[in-house]
Structures are given as structure tokens and as C-alpha cells.
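Just so it is clear, the model here is predicted, and its values are computed rather than measured.
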Amino acid sequence: MLRIPHVGWRGVLLLVLFAAIAWAASGIYKVGPDEQGVLLRFGRRVSTEPPGLHYRLPYPISTVYLPKVTNVNELRSNAMTQRPEAARQGAARDRGSRMLTGDENIVEADYSVLWKINDAGAFLFHVQDPEDMIRMVAETTVRAVIGRNPIQAVLSDRRQQIAVEVQDELQRLLDNYGVGILVIQVQLQRVDPPAAVIDAFKRTHTAATIRLSSTSVCFSVCMALSMSCERS
């Protein structure tokens, strides 16, 4: 027969005291240098803590989330459009990347958005799916900015400026939604006419270049003849 040792009321008190100390000590937590501590009390957010050692009332009174806020995340437009169901149907990427320019031409654009968390509390609790929000707002913003520019600007000389415009407008919209995101950079990785019309576009561009060259040659000849007549 096993005998249960008699601990007495002092022993019970010591056990309760030890359990209370252990429970209280469990409230100590550390926020890493790459993190923000989001403190909740009874399920409600009460504060955002900086890196370092902190104390909270132990679980289940308080809980803390420690999201990484220095990680740079990348969102790619071609990854957006290739969801499993779309990939099975085929050509989903092309449809998703086609956009209308300001002069009513169609281009296919791929872009990427580099972002990180700058407000952990807003990122975790203001929007149900912040990454999906970035996807939707980024696509809407890119389409809107490209839609304000002619095709020549989109394809060549103003592409970098357009990317900066997209970044500024995207940041403004995300701030309005309170997503807690900092947009680091927007890159237009590929902007081309659709494959079905790219040959025609190249021929038109070549013809325009030839006409410009011919005009320049004619102008040079006329100038030369004019100077010759003046000398004679």
C-alpha cells in the first residue's frame, strides 16, 4: 500500500505560494530587436511595446503577440493571379496583368511591392487579412496610375516615375485603411504590349522611327542647300 505523505496546512500553503510565484513569473517576456510587442488584456489591445524586457499580467488575463517588424516582404503581381483554380483554367496570368493606358492601348504589366510592418497592432487587428488588402489595393493603384499615362510613357521614359507615383498612392490608401504597412518600394518589372499585338507594335514603332529619320535627313539636306544658296 502506497502512503500519501501528510503535508499539513503549512505544506499546502507552501505549494500554493510556489504556484502563485511561478504564475506571476510567467508574465515576464522579451521583445526582440526585430519585433514589436502587442499586449492584449482580456482580449483587448492595450499597448504596443518596444524591444526589451517587459512584464504583463499572466495568462489568461493578458497575452502578447510578437510580430517581426523588420522583415521586408515581397508581393509579386504574377503570384497574385496564379491561384490554383486560375492556373487550372490557363491564361489567368495574362488576363490579370492586362491594363489599359491613358491613350486606350493595352499593356501587360508585372510589378512587385516591397513592404514591412510599421504598426504591429494595426497590422494584426485593424484588417482581417492585411496581405490580401495589399494585393487588392496594389492592383487597383497600378491600374489607375497606368490608366493616367500614355503607352509610350509606360513602356519607356516615365516608367520609374510611374512606379514612384504608384508607391505614393498605395501608401496613402493603405494609411487610410489603417493596415499598419510601410511600402518600401514598387517596381514595374515588365511592361509590354500583349503578345498578340507586339509584332504590330514593333512595326509601327519602326515605321515611326524611319519617318523621323527621313524627316531629319530631309531637314539636313534643305539646310545644306539653303546655306549653299546664301554663299553663292
Side-chain angles (χ1 to χ4, degrees), residues 33-36 66-198 201-202 205:
D34 59 341
E35 299 172 335
Q36 281 185 3
L66 301 170
K68 306 288 186 181
V69 296
T70 60
N71 290 353
V72 177
N73 307 280
E74 183 177 17
L75 181 148
R76 292 177 176 270
S77 61
N78 51 15
M80 292 182 207
T81 56
Q82 286 192 352
R83 295 187 175 94
E85 62 274 12
R88 287 194 295 270
Q89 295 173 2
R93 175 181 178 278
D94 291 338
R95 291 196 300 271
S97 63
R98 287 179 183 173
M99 303 178 186
L100 194 65
T101 63
D103 51 1
E104 299 185 349
N105 285 289
I106 295 176
V107 294
E108 292 179 355
D110 287 337
Y111 56 90
S112 67
V113 179
L114 301 178
W115 62 274
K116 67 177 184 177
I117 301 171
N118 72 334
D119 185 338
F123 180 81
L124 291 173
F125 301 109
H126 280 192
V127 180
Q128 184 174 4
D129 189 343
E131 294 190 32
D132 194 52
M133 174 68 74
I134 299 170
R135 289 189 183 93
M136 292 188 295
V137 177
E139 183 173 355
T140 301
T141 305
V142 172
R143 289 183 182 278
V145 175
I146 286 181
R148 297 198 295 261
N149 288 272
I151 189 170
Q152 193 59 41
V154 174
L155 294 178
S156 57
D157 54 341
R158 293 191 65 245
R159 182 183 297 192
Q160 184 58 38
Q161 183 178 345
I162 290 172
V164 173
E165 291 178 21
V166 171
Q167 179 179 345
D168 293 341
E169 189 163 335
L170 176 59
Q171 184 67 69
R172 180 180 60 81
L173 291 172
L174 292 175
D175 289 344
N176 290 341
Y177 286 118
V179 185
I181 292 296
L182 175 65
V183 180
I184 298 173
Q185 187 179 26
V186 174
Q187 299 174 338
L188 293 177
Q189 297 174 324
R190 182 187 70 94
V191 182
D192 293 316
V197 299
I198 193 168
F201 180 84
K202 288 180 178 179
H205 181 71

Of L174, V166, L75, L173, which meets side-chain contact (heavy atoms from CB on, under 4.5 Å) against V183? L174

Hey, is the main chain of A163 close enough, under 3.5 Å, to the side chain of Q187 for a donor-acceptor pair? no

What's the spacing between I106 CD1 and T101 OG1 if we round to 0.5 Å? 8.5 Å

Identify the heavy atoms of R190 and D192 that sit nearest to each other, and give their distance. CG-OD2, 3.2 Å

Atom of L124, atom of P67 and distance for their closest heavy-atom approach: CD1-CG, 4.0 Å

Distance-only, no hydrogens or angles: does the N118 side chain make a donor-acceptor pair with backbone N or O of I181 under 3.5 Å? yes

Give me the atom names and distance for the closest heavy-atom approach of P130 to V127. CD-O, 3.7 Å

Work out which heavy atom in G178 is nearest to a heavy atom in A122; give both atom names and the distance. O-CB, 3.5 Å

Taking only residues two or more places apart in sequence or in another chain, which ones pass side-chain contact (heavy atoms from CB on, under 4.5 Å) with P150? D103, A153

Between atom CD of E165 and atom CD of Q160, what is the distance when rounded to the nearest 0.5 Å? 11.0 Å

So R148 and V145, do their side chains get closer than 4.5 Å, heavy atoms only? yes

Side chains of L155 and P193 in contact at under 4.5 Å (non-hydrogen atoms): yes

Salt-bridged, R135 to E139, with N to O below 4.0 Å? no

Could you report the tightest heavy-atom contact between E108 and R98, atom names first, then the distance? OE2-NE, 3.3 Å

Could you grab the distance from atom CG of D119 to atom CG of D175, nearest 0.5 Å is fine? 10.0 Å

To the nearest 0.5 Å, tell me how far Q171 CD sits from W115 CH2. 12.0 Å

Find the distance between NZ (K116) and CG (N71) and round it off to the nearest 0.5 Å. 10.0 Å

Could you measure the distance from the CG atom of L170 to the OH atom of Y111? Nearest 0.5 Å is fine. 9.0 Å

With sequence neighbours left out, what residues match V69 under side-chain contact (heavy atoms from CB on, under 4.5 Å)? Q36, I117, A120

Closest heavy-atom contact between Q167 and Q185? OE1-CA, 3.6 Å

Under 3.5 Å: donor-acceptor pair, side chain of E169, backbone of T141: no

Sorted by chain and residue number, the salt bridge (charged side-chain N to carboxylate O under 4.0 Å, His left out) partners of R159 (sequence neighbours excluded) come out as none

Report the residues that fulfil salt bridge (charged side-chain N to carboxylate O under 4.0 Å, His left out) with E74, sequence neighbours left out, ordered by chain and then residue number. R76

When you look at CZ of F125, are more than 12 heavy atoms from neighbouring residues, nucleotides or ligands closer to it than 6.0 Å? yes

Would you mind listing every salt bridge (Lys or Arg N to Asp or Glu O under 4.0 Å) that reaches into residues 176-188, with sequence neighbours excluded? none

With sequence neighbours left out, what residues match K68 under salt bridge (charged side-chain N to carboxylate O under 4.0 Å, His left out)? D34, E35

